[in-house]
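Working notes, structure below.
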Amino acid sequence: EQRRIVAILDEAFAAIATATALAEKILENCIELASSLIDRHFPQSSGSGTLSRLREVCTFENGDRGKNYPSKEAFVTEGVPFVNAGHLSDARIGPGQLNFISQERYATLRGGKFSPGDFLFCLRGSLGKFAKVTDDVGQGAIASSLVIVRPKLDLISSDYLEFYFQSQLCSRMIETFAGGTAQPNLGASDLASFDVFVPDLGRQTSICNTLRNSLDAAKTLRGVYEEKRRNLLCLKQSLLHKAFTGELTADKKAADRLLQEAGA
């Protein structure tokens, strides 16, 4: 009986291992697909769109680094958001983790004040990390590690700029301007010198719609296979439980069904 159980488990676990490896490979391909979809529209050499510098289509604003720069002692429980690089996640600002300063302290700052529609870009530490300011965050101020990037909407759309920040072209620009130092960092002037391909606004909209639809499909597929991977782990645990409670070999049809599930 023990040998029967071991034989069933061996066969099932081999099938689960094969199915899990396939699911993980497809998940890896989904991530690579998302990246390649973006890079197709942001080539790293001229020949598609109009090659510009980022300063031509955006303005930049550093934070206030003077005597009014808020220290931790200036933080309050409620007030105006004061955002640092740690608050940026998945191209958005995490409102549940924000620091706040008083309206009075905010009024003393000479620069680095953002509004909805602006982008915050990390210049030190996690280079290239960015977030778009949304209406739920509203107005606020940035720490010295960030810079505000404000798109000139008559030249570049907000959605197009967001995809650009996710592209390999932007990553290559970061390596070009910040590479080779022990503690890589950028200045606002470096970021302003980044190459960017800027087609007309109609073409930008078309590119963004195409990318959004394709990325949504890739995200859905990724979700399917993440769920499959979780189910395979649960199935393995279920098989072990049934093996040591006598259920696995008590019903031959049930055992065959579990083997089928493992190979699905």
Side-chain angles (χ1 to χ4, degrees), residues 53-153 156 158-167 169-196:
R53 300 293 187 186
L54 205 54
R55 68 167 64 89
E56 298 173 32
V57 293
C58 299
T59 60
F60 303 84
E61 185 176 339
N62 283 313
D64 186 337
R65 300 172 186 176
K67 63 179 182 179
N68 293 321
Y69 186 84
S71 62
K72 289 183 179 180
E73 290 73 22
F75 294 163
V76 294
T77 55
E78 292 183 358
V80 180
F82 184 72
V83 179
N84 62 45
H87 299 139
L88 313 187
S89 178
D90 296 326
R92 292 296 180 268
I93 299 170
Q97 308 166 350
L98 289 179
N99 298 321
F100 297 94
I101 57 176
S102 67
Q103 187 68 47
E104 291 73 21
R105 174 54 70 90
Y106 175 74
T108 67
L109 298 177
R110 295 173 299 172
K113 298 179 178 181
F114 62 76
S115 300
D118 289 343
F119 287 84
L120 311 185
F121 193 93
C122 186
L123 298 175
R124 295 201 298 273
S126 303
L127 295 184
K129 195 175 181 183
F130 76 95
K132 183 178 181 180
V133 182
T134 53
D135 290 335
D136 60 318
V137 175
Q139 293 184 319
I142 56 170
S144 59
S145 59
L146 302 176
V147 64
I148 298 169
V149 184
R150 194 164 287 133
K152 298 177 183 178
L153 296 178
I156 187 169
S158 181
D159 288 342
Y160 188 80
L161 182 61
E162 183 171 346
F163 281 125
Y164 167 75
F165 283 143
Q166 299 174 61
S167 71
L169 174 58
C170 184
S171 296
R172 184 171 66 83
M173 290 290 100
I174 292 172
E175 292 175 3
T176 298
F177 283 91
T181 59
Q183 294 181 321
N185 60 80
L186 294 167
S189 60
D190 295 326
L191 181 59
S193 299
F194 279 19
D195 288 341
V196 58

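Only this structure's heavy atoms are used, side chains among them; waters, hydrogens and symmetry mates stay out.
The shortest side-chain heavy-atom distance between Gln166 and Phe130 falls under the 4.5 Å cut-off. Within the 4.5 Å cutoff, no side-chain heavy atoms of Tyr164 are placed close to those of Ile156. Under the 4.5 Å side-chain criterion, counting only non-hydrogen atoms from C-beta, Glu162 is not in contact with Phe165. No side-chain heavy atom of Val147 sits under 4.5 Å from any side-chain heavy atom of Leu120. Leu123 is listed as a side-chain neighbour of Asn62, based on a closest heavy-atom distance under 4.5 Å. The closest side-chain heavy-atom distance from Ser189 to Phe60 is not below 4.5 Å. Counting only heavy atoms from C-beta outward, the side chains of Val196 and Glu56 never approach each other to under 4.5 Å. Residues Arg53 and Asp195 meet the side-chain proximity criterion, which asks for heavy atoms closer than 4.5 Å.
In this structure, Arg55 CZ and Lys152 NZ are separated by 10.0 Å, a value rounded to the nearest 0.5 Å. One distance of note links OG1 of Thr77 with CG of Asn99; it measures 11.5 Å at 0.5 Å rounding. Separation of atoms CG (Asp118) and SG (Cys58) is listed at 10.5 Å; rounding is to 0.5 Å. Atoms CD1 and CG, on Ile174 and Asn185 in that order, are 12.0 Å from each other to the nearest 0.5 Å. One finds the NE2 atom of His87 at 13.0 Å from the CD1 atom of Ile142 (value rounded to the nearest 0.5 Å). Note that OG of Ser193 and CE of Met173 are 10.0 Å apart. Values are rounded to the nearest 0.5 Å.
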Inset, instruction - Just do the ring pair (Phe, Tyr, Trp, His ring centres under 6.0 Å) check on Phe82 and Tyr69 with the steps written out, would you? - result: CA-CA 10 Å; Phe82 184 72; Tyr69 186 84; 5.8 Å; yes
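Between Leu88 and Ile93, the shortest heavy-atom contact is CD2-CG1, 4.0 Å. The minimum heavy-atom distance between Leu186 and Leu127, with the atom names listed, is N-CD2, 4.2 Å. Of all heavy-atom pairs between Asp159 and Lys132, the closest is OD1-NZ, 4.0 Å. Pro70 and Ile101 get closest at one heavy-atom pair: CB-CG2, 3.8 Å. The shortest non-hydrogen separation linking Arg105 to Ser71 is NH1-N, 4.4 Å. Across every non-hydrogen atom of Pro81 and Gln139, the tightest pair is CD-O, 3.2 Å.
In summary, the side chains of Ser115 and Arg150 do not present any donor paired with an acceptor at a separation below 3.5 Å, with no hydrogens or angles considered.
In this structure, Phe194 has its ring center under 6.0 Å from that of Phe177.
With sequence neighbours excluded, the residues satisfying side chain to side chain donor-acceptor pair (under 3.5 Å) with Thr134 are Asp136.
Side-chain N or O atoms of Asp64 include none that pairs as donor or acceptor with a backbone N or O of Gly112 at under 3.5 Å.
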